[in-house]
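The sequence lines fix the lettering, A, B, ..., with proteins before strands; numbering per chain opens at 1. What you see is a predicted model; the values in this text were computed from it and never measured.
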Amino acid sequence: MKTVVGKVVVLGHQGVGKTSTCLRYVENSFNQQISPTIGASFFSSKIKAMDRIVKLQIWDTAGQERFKAMAPMFYRNANAAILMFDITSEASFESMKGWISELKRNVEESMVLCVLGNKIDLVDRRVVLRDEALGYSKTIGAQYFEISAKTDQGIVLVFEYIAMELVKMSRNGSPTSLKTYNSTDMDSIMASSSELEPTDIGNEEVVNISINSIAHGDTVPFRCC
Amino acid sequence: MSFLEVEPGAAGESLLLTTDTSQPFDDEQMSSSLEEIKRDGKPKETDESNNENISNVNNYDENSSPVQTDNEENELIQDKKWALMDKHIFVLSLAGKPIYSRFGNEDKLAWLFGVMQTLVSFIQSNEDDLLSISAAGVNFVFAIKKPLILVAVSRKQESVPQLQSQLNYIYNQIASILTTSKLIKIYEQRQNYDLRRLLSGVERLINHLLDFCESEPAFLLKAVQCLSLSSSVRGNISSAIISSCSKIKNIVFAILLANNKLITLVRMKKYSLHPSDLHLIFNLVQATESFKTGESWAPICLPRFDSSGFLYGYVSYLAEDCQACLLLLTVEREVFHTLAEAKQRIVEKLRRNNCLEAINDSLAKPDLSCVSSGFIEVRHYLYKAKSTAQFYQPSVSPPYNKYPQVLSNMYKRLHQRLHCPARPLKLFFERRATEAIFAWDTVGFELYIIFEPLVETSNVVAIITRLLNWMKEREDNLFHLHVPTF
C-alpha cells in the first residue's frame, strides 16, 4: 500500500484549543489545565484513507503574538492548514481571518484548508454563529467543522477529511512537497520521525464527509457585546 | 586545619561558569555569543532571525489587551488580602505602564505603578538611583533595568541583595522570552507600549520562577544540583549525546535534566553556560507541562549567554518510561527534524547501555538523609563547590520536611551573614533553642549546616571534617566533574 506523507499546520489565536485538539486526536486525552505551547509542538499520526496510508506530520503552533514570527517556519511547505477559533470568542474568529490572509499572501502551493470552530460544548456562550463561520469558510475555499476537544466531538472527521484530500491531491499530480512512498519504505519513514506511537484509526470507520454529518451544537442568537 | 584540603566537587575545569555569590549578576557583562557561532558555522548566513519581528511593533493594537474585572463586592475583601501578602513583585515600564504584578490585576493597580514610577524618576532627577526603602519591617527594593523598572515589596526574611537578585532573575526571564534587544527596540519605537501583549502566558513562568527562587537553594547559591549517578553512567550518557550529535553543526548546548537536577550538560568547547541561564531553563521545563506531550521546537534566549538573540531548542522528554527532559539548543532555525532524529539515536543508545534504568533508579531513590549517611547530629546542610558552581544537599528530613520554609529562611539568613556587603563573615556558628547553625565561606566552597541544638561545640569541627570527607569519597556521584564538549 502506498503511503502519503503530509505536513499539517495548526494555527489560531491563543487559548482556542489547538494543543487540546491535537492531543485529543493523537492521544485521546484531555487536560483542562494544559499550559500554553511554547514555540510549537510536533505530533505524528497515521490514518488510512481510500487505498493509501496517510502519515500526518502535525505542527501545533503557539498562539501567542510573540511567536508569530516563527509561524512561517511551520506553514511553509505545509500541505494542509487547520485554522482554529473559539466559538465563544469573536476576537479569536477575527484573528483566524488574519491567519488566512497571511497564508494566502505567503503560500503559493495548494493547501487543504480546514476552519475549525472549537468548544461547541459551550454552546450557551457562543458568539460566532455557525452560519457566519460556514459562509466565511466557503468564501476562502475551506471546509468548516465544529468540534469540541473536551467532549471529543468531530475531531476524527477533521483528520479523516484532511487525509482524504491529501490522497486526492497526491493523485492529481501532487505538489512537490507532498511525498508518496511505497510501503516498503514505510519503516524508514516512521523511524526517522517521531517516537510517538501513531494512532491507527479509520480502518473500520465509515468516512463520511459532508457538512451535515458533522457534530455541532445548537446555535444561539448572536448577542451583541 | 587539615580539612581545608578536602574540597569535594572541585575541579580544574568547570561545566558551568563559576560565580561569586556576593556579586549580583547584573555587575557582570552579558556576552554576545550567537553571532560568533553563526559566523563560525556558516559565514553567509544573514541574521534575520533576531530582527524580523521587531518591525511589527507598530501594528500591535493596544486596545484589545484582556482586562478582567472582578465583582465590586469581592474587591474590598481582595484588597485586604492583597495588602497583607508577604511579598509583592511589580514590573513596569520606565514610563510607568503596568506589566506584571504577582498578585491582583495590574490595571486596577495602575495608581500604584504610578507611585512607583514617580519615586524612581524623582530620585533620578537628582542624578541618583533609588535602590531600596526600609520601613516598618518591609523592604521595598527597586531595580532599574532599562527599559523596565522592577520592584519587590517584601515582609519576608530576605535581604536587599537577595531581593535584588530575584528581581534580576525576573528581568532575565522576560529577556529570555523577548531578548533584550527587542525589548529596547519596542520602547524606542513607542514609549507607552503595553508589554503585556507580548508577554501573555509568561505570568505563569514568572510566578513559577518566584516560587522557585523562594524554595530552591540553587537560586540562593547560584549553583546547580546534579542527579546522583555513578560517573561511568554519567560518562555513558554524555558520550551517547556527543556521538549522536557529532555530525550536526552548531548545537551549542545539550542539556539533560530531571526533577530540577542536572544529569549532564554537553557544550560547544568554546562556550560555557552560566548557572542563572540554566536556572531559567529549569524553570521553563518545570513550568511547561505541555513539553511532556510531545516534541517541541521553542525559541529560547539565554540572557547571560547572549541577550540579543534566540537559540532554538528541541525539547523532548526521553521516553514514556523515563521522565528526563532533553534540550538540544542550536543557532539554526530549521533543524528540528535533524535533532529529532538525533534524539532517537540518543534514546536508543541510552536504552542499550541501561542508562535509562540508571536514571530512573536514581530518580526513584531520594538522596540520603543525614541520619542514614551516619551524621546523627546533622539535620541538613548545603555544600557549594565554588570552582564548579555545583551544590549538594541531602534529602530534607524531620523536623523540616513539613516546614521547608523554616529551613530555607535559615539558609537565607546564613547566606546573608556570609555575603552581607558591609561586613561579610567567613565563619559563623550560633546555638539556638531549636538548632545550632553553622556557615563557612572558604576559597573553594561554601558550607551551611543545621545541627541538632545539643551538638557539642568541640565536636562540630570533627563532624565537618567527616562530612567533607564523606562527600569527597562520593564526589564522582554527587557532582558532574567532567566537561563533555562537542
Side-chain angles (χ1 to χ4, degrees), chain A residues 5 7 13-15 18-27 29-45 57-74 76-77 89-92 94-95 98 102 188-197, chain B residues 48-56 59-61 64-66 177-179 182 195-205 208 284-300 310 312-320 333-334 336-338 340-341 343-345 347-348:
Chain A
V5 180
K7 177 175 164 186
H13 202 60
Q14 65 194 55
K18 296 179 292 298
T19 304
S20 292
T21 302
C22 292
L23 286 179
R24 174 60 85 184
Y25 177 65
V26 178
E27 293 179 356
S29 64
F30 182 79
N31 176 2
Q32 191 94 43
Q33 301 295 333
I34 193 146
S35 62
T37 307
I38 300 196
S41 305
F42 180 81
F43 302 99
S44 68
S45 86
Q57 299 184 324
I58 305 165
W59 276 107
D60 166 32
T61 64
Q64 274 86 6
E65 193 159 304
R66 63 176 179 280
F67 295 113
K68 224 166 181 169
M70 267 181 98
M73 211 148 76
F74 304 112
R76 201 183 311 136
N77 300 327
S89 154
E90 188 69 38
S92 74
E94 292 306 315
S95 158
E102 176 160 352
S188 61
I189 302 163
M190 293 309 294
S192 68
S193 191
S194 166
E195 54 145 345
L196 283 169
E197 279 296 305
Chain B
E48 44 164 343
S49 55
N50 300 332
N51 299 322
E52 63 187 10
N53 37 16
I54 289 165
S55 58
N56 292 331
N59 302 331
Y60 297 148
D61 169 23
S64 65
S65 69
I177 300 294
L178 297 174
T179 73
K182 183 167 183 199
L195 199 66
R196 283 177 297 170
R197 273 198 74 99
L198 286 182
L199 292 180
S200 69
V202 178
E203 316 87 42
R204 61 183 288 142
L205 282 181
H208 194 274
L284 177 76
V285 171
Q286 186 84 0
T288 312
E289 280 287 305
S290 59
F291 283 150
K292 286 190 180 160
T293 57
E295 301 163 287
S296 297
W297 187 238
I300 299 170
F310 286 114
Y312 290 86
Y314 169 85
V315 187
S316 170
Y317 282 78
L318 284 185
E320 284 283 306
R333 281 158 61 85
E334 310 267 350
F336 173 86
H337 291 286
T338 320
E341 284 163 29
K343 181 231 163 181
Q344 287 298 113
R345 290 195 295 272
V347 174
E348 276 161 34

Mind running side chain to side chain contact (heavy atoms under 4.5 Å, CB included) on A:M73 and B:Y312 for me, showing each step along the way? CA-CA 12 Å; A:M73 211 148 76; B:Y312 290 86; 4.1 Å; yes
Between [X] and [Y], which heavy-atom pair has the shortest distance, and what is it?
X      : Y      : result
A:F43  : B:T293 : CE2-O, 3.4 Å
A:P36  : B:G201 : CG-CA, 4.4 Å
B:L198 : A:R66  : O-NH1, 3.0 Å

So for A:L23, is it side chain, backbone, both, or neither that comes closer than 4.5 Å to the heavy atoms of chain B?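 Side chain of A:L23 only, per the 4.5 Å heavy-atom cut-off to chain B.
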Indicate whether any N or O donor in one side chain lies under 3.5 Å from an N or O acceptor in the other, for B:S200 and A:Q14.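 Per modelled atom types, B:S200 and A:Q14 side chains form a pair under 3.5 Å.
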Atom CH2 in B:W297, atom CD1 in A:I38: separation rounded to 0.5 Å?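 Answer for the CH2-CD1 pair, B:W297 versus A:I38, is 14.5 Å.
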Measure the spacing between CD of B:E334 and CZ of A:R76 and express it to the nearest 0.5 Å.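 So the gap between those two atoms works out to 5.0 Å.
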I need the residue from A:A91, A:G39, A:S35 with the largest number of non-hydrogen atom pairs under 4.5 Å to chain B.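 It is A:S35.
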Considering only heavy atoms, which portion of B:L284 lies under 4.5 Å from any heavy atom of chain A: side chain, backbone, both, or neither?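 It is the side chain, since no backbone atom gets that close.
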Please state whether the rings of A:W59 and B:F336 are parallel, tilted or perpendicular, taking 30° and 60° as the class boundaries.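 Geometry flag for B:F336 against A:W59: perpendicular rings.
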